Amino acid sequence: MKYFRILNCEHAVKDPMVCVTNLKDLKIDRNIFRICKEFTGSENIKFFAELEEDDGTPDDFLQNTEMVPIFSPRMREAIEGAGITGIQYIPIKVEHYNKEKLEGYCIANVLNTVPDALDIDKTIFWNSKSENGKLYVYIPSIKSEKVPDNMDIFRLKYDARFVTEYSTFIVVSERFKSIIAKNKFTGIGFSKNRTE
């Protein structure tokens with residue numbers, strides 16, 4: 001089985017909308033959406049075009065300065081319709097520069113995680129380590145036999161040698177990737193992992 005990392009801001013519309021957010025005002029760290037746990041916080045999360053020049057056409061995978069995964073209503077519908085599970089959809093407010101609201105967008109909080117799937121020997125790391133000597137993954141090598149057959153979206157779980165407990169990137173299956181391609185969703189691309 002082949003797996004891919006989601007890339008933000010790929011295959012975007014010609015003049016994409018780029019949003020900022022009120023997460024800091026709400027005292028919500030963006031990393032809360034990277035730890036594979038259900039989110040139970042505020043219902044007042046907002047993403048919006050702060051500047052007129054950033055107020056273009058919204059992508060299906062909405063571009064934002066915090067790199068939080070946000071799905072359009074039609075992207076969510078296609079993913080759910082295909083029976084892909086392991087995502088908590090968190091409703092948010094999305095607004096154009098002129099305050100016009102976009103309905104149905106949601107944060108895609110990935111709940112699936114796979115421990116022991118990273119092949120340390122074949123993974124490519126950043127050349128430098130963090131200040132405390134911990135590792136950054138550049139191109140992961142995934143042991144596909146560790147990933148359950150029905151898991152189409154997940155984050156890798158790391159051990160104490162790494163900067164973060166969970167991967168900052170989202171990993172998806174060929175099936176997930178094919179749904180994106182078939183529906184021509186914008187704002188999202190894929191980079192192939194090294195897979196065993």
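Quantities reported herein were computed from a predicted structural model and do not represent experimental measurements. Residue numbers start at 1 and run along the sequence shown.
- Within the structure, salt bridge (charged side-chain N to carboxylate O under 4.0 Å, His left out) contacts touching residues 170-179 (residues at least two apart or in different chains) are Asp152-Arg175.
- Within the model, atoms CZ of Phe185 and CD1 of Ile180 stand 5.5 Å from one another, a figure rounded to the nearest 0.5 Å.
- When side chains are defined from C-beta on, Ile188 does not count as touching Leu7, because their heavy atoms never get closer than 4.5 Å.
- Thr21 places no side-chain N or O within 3.5 Å of a backbone atom of Phe47 that could act as its donor or acceptor partner.
- Between the side chain of Asp60 and the backbone N or O of Ser72 there is no donor-acceptor pair closer than 3.5 Å.
- With values rounded to the nearest 0.5 angstrom, Leu156 atom CG is found 10.0 Å from Arg5 atom CZ.
- In this structure, Lys2 contributes its side chain and Ser173 its backbone to no donor-acceptor pair below 3.5 Å.
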message = Using the rule given for side chain to side chain contact (heavy atoms under 4.5 Å, CB included), can you reason through Tyr158 versus Glu165, listing the C-alpha separation, both sets of side-chain angles and the distance that settles it, and then say yes or no?
response = CA-CA 5 Å; Tyr158 297 145; Glu165 184 180 1; 5.9 Å; no
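- In this view, Arg34 satisfies the salt bridge (charged side-chain N to carboxylate O under 4.0 Å, His left out) rule with no residue, not counting sequence neighbours.
- Cluster membership check: Phe33 does not share its hydrophobic cluster with Ile170, using side-chain heavy-atom separations under 4.5 Å among Ile, Leu, Val, Met, Phe, Trp and Tyr.
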request  = Could you go through the side chain to side chain contact (heavy atoms under 4.5 Å, CB included) check for Ile90 and Phe39 one step at a time?
outcome  = CA-CA 8 Å; Ile90 303 165; Phe39 177 75; 3.6 Å; yes
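- The nearest pair of heavy atoms linking Asn98 to Asp55 is N-OD2, 4.3 Å.
- The two residues His96 and Pro58 come nearest to each other via the heavy atoms CE1-CD, 4.2 Å.
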key: Candidate pair Asn109 and Tyr89, rule side chain to side chain contact (heavy atoms under 4.5 Å, CB included), full reasoning   = CA-CA 6 Å; Asn109 185 27; Tyr89 295 101; over 6 Å; no
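- We find the CG-CE distance between Asp54 and Met17 to be 9.0 Å, quoted to the nearest 0.5 Å.
- Checking side-chain atoms of Thr123 against main-chain N and O of Ser141 turns up a donor-acceptor pair under 3.5 Å.
- Neither Ile107 nor Phe71 shares a network with the other; the hydrophobic side chains, linked directly or stepwise wherever heavy atoms of I, L, V, M, F, W or Y lie under 4.5 Å apart, form separate groups for each.
- Here the side chain of Asn22 pairs a donor or acceptor atom with the backbone of Asn44 at under 3.5 angstrom.
- Proximity of Ile79 to Ile87: side-chain heavy atoms (C-beta onward) are separated by under 4.5 Å at one or more points.
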request  = Step by step, work out the side chain to side chain contact (heavy atoms under 4.5 Å, CB included) result for Val172 and Tyr3.
outcome  = CA-CA 6 Å; Val172 297; Tyr3 293 97; over 6 Å; no
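- Taking hydrophobic clusters as Ile, Leu, Val, Met, Phe, Trp and Tyr residues chained together by side-chain heavy-atom distances below 4.5 Å, Met75 does not share a cluster with Ile92.
- Note: the hydrophobic cluster containing Val114 also contains Phe162 (ILVMFWY, side chain heavy atoms under 4.5 Å, direct or indirect links).
- Atom CD of Glu77 has 12 or fewer heavy atoms from other residues, nucleotides or ligands within 6.0 Å.
- Between Lys157 and Cys36, the closest side-chain pair of non-hydrogen atoms is not below 4.5 Å.
- Here OH of Tyr138 is found 14.0 Å from CZ of Phe125. Values are rounded to the nearest 0.5 Å.
- By the criterion of side-chain heavy atoms lying less than 4.5 angstrom apart, applied directly or through intervening Ile, Leu, Val, Met, Phe, Trp or Tyr residues, Ile142 is not grouped with Phe176; the two fall into different hydrophobic clusters.
- Residues Lys37 and Gln88 approach most closely at O-OE1, 4.3 Å, considering heavy atoms.
- Considering all non-hydrogen atoms of both residues, Ala12 and Cys9 come closest at CB-O, 4.2 Å.
- Taking CG of Leu118 as the reference point, atom CD1 of Ile120 lies at 4.5 Å (rounded to 0.5 Å).
- Residues Ser167 and Arg155 bring no donor and acceptor atom of their side chains to less than 3.5 Å of each other.
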Contacts table for residues 62-70: side-chain donor-acceptor under 3.5 angstrom, sequence neighbours left out:
| residue | atom | partner | partner atom | Å |
| --- | --- | --- | --- | --- |
| Gln63 | NE2 | Asp59 | OD2 | 2.9 |
| Asn64 | OD1 | Glu66 | N | 3.2 |
| Asn64 | OD1 | Met67 | N | 2.9 |
| Asn64 | OD1 | Val68 | N | 3.0 |
| Asn64 | ND2 | Leu62 | O | 3.1 |
| Asn64 | ND2 | Val68 | O | 2.8 |

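- The structure places CG of Leu23 at 8.5 Å from CG of Asp29, a figure rounded to the nearest 0.5 Å.
- Counting heavy atoms from C-beta outward, Cys19 and Phe48 have side chains that stay 4.5 Å or more apart.
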